Amino acid sequence: MNDFVHVLTDNWDVIGSHFWETIQLFLIAAVGSMVLGTLLVAMRVSPVPALRAFGSAYVLLLRNTPLTLVFALQVFALPKLGVTFEFFTGACVALTAYTSAFVCEALRSGINTVPVGQAEAARALGMTFIQVLTNVVLPQAFRTVVPPLVSVLNAMLKNTTVAAGFSVAEAGAITFYLSERGENQIYGLLWVAIGFLILVVPLVTLQRTLERRWKVAR
Amino acid sequence: MSNVLYDLPGPKARLRYRLIGVLSALGIVALIAYIVWRFYDTGQFEPIRWEQFEYAQTQRDLVDGYLTTLRAAGTAAVLALALGALLATGRLSDHAVFRAPASAFVELFRAIPLLILIFFAYYGPIQLGYKVGAFWPLVIGLTLYNGAVLSEIFRAGIIAVARGQSEAAYALGMRKTQVMTSILLPQAVRAMLPAIISQVVVLLKDTALGFIIQLPELLYYGKQYGGRLTFGFPYVPGYLVVAAVYIGTCALLSWFAFWLQKRLMGGPKQAKTTAKAVKLADVGQSV
Amino acid sequence: MRITRIAAAAAAVTLALGLAACGKEGTPAPSAEGGSSGAAAPASDACTSSGTTLTPATGVAITGSPTFDRIKAAGKVVIGVKFDQPNLGYKDASGKRCGFDIEIAQLIASKLGFDASKIEYKEIASANRETAIKGGEVDYYVGTYSITDKRKADVSFAGPYFVAAQDLLVRKDDTTITGSDSIKGKAVCSATGSTPIQRVRDQKLTDKIVEFKTYSECVSQLLDKKVDAVTTDDAILKGFAAQAPSQLKVVGKPFLDPTTGKAYPEKYGIGLGHDDKALRDFVNASLEAAYGDGTWQKIYDGTLGKSGSAGSPPALEKY
């Protein structure tokens with residue numbers, strides 16, 4: 001038991017800084033994928049066929065590619081195109097590009113659950129596009145959309161560990177550093193698992209509370 | 001046709017859409033052309049970069065890697081489905097002695113990242129002195145994680161089955177296990193089939209994590225062949241080939257799910273159960 | 001859904017083509033100068049061995065070695081190797097393996113009584129060497145495996161069979177990096193779990209350390225200008241520089257130990273199970289015999305020696 005605690009205290013510099021990197025990676029990618037996901041869903045539901053096709057193609061490609069491959073492409077293939085990112089920035093880019101496809105799908109399913117009659121009634125009353133959107137469609141879509149979105153973010157938090165294979169010093173890479181220092185690997189991994197439990201539990205609780213509060217009678 | 005966001009376009013709107021359509025199509029074509037030009041400019045299409053792939057050994061290795069991927073995914077899928085079904089029935093049990101551990105298990109393994117689970121399965125036994133290789137740690141990690149996620153999907157499916165079904169079954173005098181196996185599970189599985197298959201697609205994609213523990217699967221070989229200096233570091237051709245295979249396989253599976261769902265769409269009652277169940281199992285599971 | 005159907009059809013076609021495996025055997029021979037768009041013509045990828053003939057010993061018996069019992073029972077030897085280090089441990093496009101480490105591994109196998117056809121090679125990256133040996137995934141490991149006291153806690157070593165020094169690989173046109181004292185502030189890349197990167201980290205020679213699983217990834221990042229130098233043993237670096245002489249060069253100033261004034265030695269050993277003393281003694285005896293009868297020299301001259309530096313067998317460290 002003593003050894004177990006010592007693994008944490010002796011290596012706090014490595015464990016702490018790596019988890020901080022994870023949190024930073026998560027926050028940046030979360031914002032980025034929300035923005036890009038909204039853009040994509042706007043393209044997918046727009047009345048312009050070219051944009052619709054592009055949005056669908058993007059989502060199809062990225063939903064069916066492993067995240068590991070997206071990372072590998074970003075680290076090894078993008079520089080060949082002349083686009084060079086710092087390792088951390090590149091990890092954010094890869095994570096954003098991948099997760100935005102799922103954010104787009106979540107948002108799209110939310111928009112689809114709003115009955116058409118609502119929007120038609122609002123337009124019949126003479127509301128403009130923006131008014132329809134902000135007063136009628138989005139509030140109703142929001143309730144359906146938020147739980148899956150939190151779930152996507154939850155999964156993204158866990159996906160940040162993939163960056164460990166690509167030279168980003170975040171939580172998944174802790175085990176490599178600890179083994180270099182000769183520490184007990186099982187204890188190290190247990191601490192990493194505990195760290196992730198601490199990070200994930202708030203998100204899961206948030207998701208459950210929102211689901212319960214906004215349960216829509218079907 | 002009108003939908004939630006916009007109404008049927010009138011003449012001015014149609015003109016506007018056409019203009020935007022032309023501009024955006026030009027923009028997209030320009031983007032793709034730029035990417036292709038950059039590839040060409042940095043010599044990605046030079047024959048030397050693609051030369052490796054003409055050789056039989058390369059093709060054999062890539063096929064080997066692909067088969068390893070499929071093997072790992074298949075094994076893990078079967079085990080995860082079994083584990084998921086077990087955990088789902090545990091969570092729905094009336095007895096707290098089954099319910100509590102099952103719930104704890106599911107919550108725990110959904111919260112820990114898959115890579116960490118794989119590391120546990122790989123480094124753990126070795127530290128304790130057992131020989132493991134790289135295949136089984138990957139499969140065990142995938143099974144534990146996806147088993148937990150699938151149990152949630154199964155649970156959503158079972159709950160989505162109309163209450164009248166189980167009430168009628170109880171009225172006929174069936175015991176709980178009979179109700180579960182003869183009435184609820186078959187309908188639940190039918191309703192959840194799309195979600196189950198999309199989770200299997202996720203499982204297939206996650207086999208790519210095997211490269212971190214040196215399992216010679218598809219991505220590993222793509223990296224190996226991309227890393228040859230003598231061929232000009234053909235990472236782009238290598239990864240494009242590997243990406244095409246992944247996208248193709250996953251798209252095939254997704255299309256299979258879609259086709260299966262259409263086939264099994266038996267009547268309006270089934271459609272209602274499916275719709276309800278699909279809403280309950282959110283899209284975030286299969287990231 | 002039409003897009004999905006098209007993608008699925010494309011996938012089926014790709015799979016069919018792949019499985020048909022209509023491919024050429026062998027590997028490209030050295031091509032003449034004149035690659036397009038400025039890329040230098042690659043050196044030959046084809047594997048050529050040193051030509052040393054190794055006859056498997058007969059009637060080999062080692063008592064008290066669980067590893068040897070396992071080898072005998074399986075009828076084959078499983079050796080951990082590297083695959084991307086030219087002239088050391090390399091696998092060419094036709095699947096043939098060659099290099100100094102590979103041939104030393106074959107030498108030991110032949111002394112154990114197994115010829116080249118009974119060898120199974122497993123590619124293990126630097127970071128996973130100890131776990132592979134401890135877990136029994138390989139019987140022994142020959143792949144630029146430096147002997148250190150820290151590693152002796154997990155595995156045991158026979159040898160050394162070669163001594164290298166730590167050096168730097170940079171782009172040909174880079175004049176700012178001239179040695180271990182001029183890398184401050186530059187991005188330096190190496191493989192996770194290797195001794196050179198631990199030295200850079202312990203001595204704080206630079207704060208921008210990049211790690212990948214294999215050296216070829218590091219070299220790729222060097223050519224892409226994402227890192228400024230790759231550091232590892234000079235034997236490995238010379239192999240990479242030889243493959244792209246117009247783009248890469250080895251700095252040529254080994255890292256010196258300030259206390260002794262001599263280069264930090266990277267002693268390559270054969271990784272064995274921690275408690276297997278019987279096998280360790282056997283391998284050391286085999287190496288000693290190879291040093292004495294000229295086999296080692298022949299292997300060296302035909303592989304590492306091709307890059308120009310002369311070499312002689314080092315003193316064995318038996319324990």
Side-chain angles (χ1 to χ4, degrees), chain B residues 40-43 45-49 51-63 66-67 122-123 125-134 211-214 216 220 223-233 235 241 244-256 258-259, chain C residues 1 3-15 18-28 31 35-45 83-84 86 91-96 122-125 128 130-132 134-137 213-214 216-217 219-220 223-224 240 243-244 248:
Chain B
Y40 181 73
D41 198 42
T42 50
F45 291 134
E46 268 175 55
I48 184 71
R49 294 223 152 86
E51 206 175 331
Q52 273 194 95
F53 298 101
E54 294 175 28
Y55 286 88
Q57 179 64 37
T58 316
Q59 293 172 0
R60 267 198 294 267
D61 276 344
L62 285 172
V63 171
Y66 185 55
L67 291 176
Y122 182 65
Y123 292 112
I126 286 179
Q127 196 174 311
L128 300 172
Y130 297 103
K131 167 182 176 154
V132 269
F211 91 94
I212 297 186
I213 52 172
Q214 308 288 115
Y220 177 85
K223 225 159 183 242
Q224 199 182 84
Y225 284 103
R228 283 172 187 266
L229 181 50
T230 44
F231 292 99
F233 277 133
Y235 278 115
V241 169
V245 175
Y246 271 116
I247 294 175
T249 316
C250 293
L252 218 95
L253 268 177
S254 306
W255 174 78
F256 176 66
F258 183 67
W259 173 84
Chain C
M1 279 304 129
I3 298 182
T4 333
R5 241 182 283 170
I6 297 174
V13 171
T14 321
L15 271 176
L19 288 168
C22 39
K24 305 206 280 247
E25 292 290 339
T27 186
S31 57
S36 50
S37 66
S44 166
D45 180 62
F83 61 92
D84 63 341
K91 185 174 113 171
D92 73 9
S94 71
K96 233 166 61 150
K122 269 220 165 105
E123 295 160 7
I124 312 275
N128 301 337
E130 285 84 37
T131 45
K134 278 200 317 201
E137 223 179 311
K213 282 245 169 239
T214 57
S216 46
E217 289 163 271
V219 176
S220 159
L223 288 173
D224 287 338
F240 282 116
Q243 281 191 328
L248 299 169

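Below, chain A is the first sequence line, B the second, and so on; all start at residue 1. Side chains included, hydrogens not; waters and symmetry mates left out as well; all remaining heavy atoms used. What you see is a predicted model; the values in this text were computed from it and never measured.
Counting only heavy atoms from C-beta outward, the side chains of C/Gln243 and C/Phe240 approach each other to under 4.5 Å.
Both the backbone and the side chain of C/Lys91 come within contact range of chain B, judged by heavy atoms closer than 4.5 Å. Neither the backbone nor the side chain of B/Tyr246 comes within less than 4.5 Å of any heavy atom in chain C. Of the two parts of C/Glu130, neither the backbone nor the side chain holds a non-hydrogen atom closer than 4.5 Å to a non-hydrogen atom of chain B. C/Ile124 touches chain B through its backbone: at least one of N, CA, C or O sits under 4.5 Å from a heavy atom, while the side chain does not. Of the atoms belonging to B/Tyr235, it is side-chain heavy atoms, and not backbone ones, that fall under 4.5 Å from chain C.
Distance NZ/B/Lys223 to CZ/B/Arg228: 14.5 Å, rounded to 0.5 Å. Taking OH from B/Tyr220 and CD from C/Glu123, the interatomic distance works out to 4.0 Å, rounded to the nearest 0.5 Å.
A donor-acceptor contact shorter than 3.5 Å is absent between the side chain of C/Asn128 and the backbone of C/Ala132. No side-chain donor-acceptor contact under 3.5 Å links C/Ser220 to the backbone of C/Ser216.
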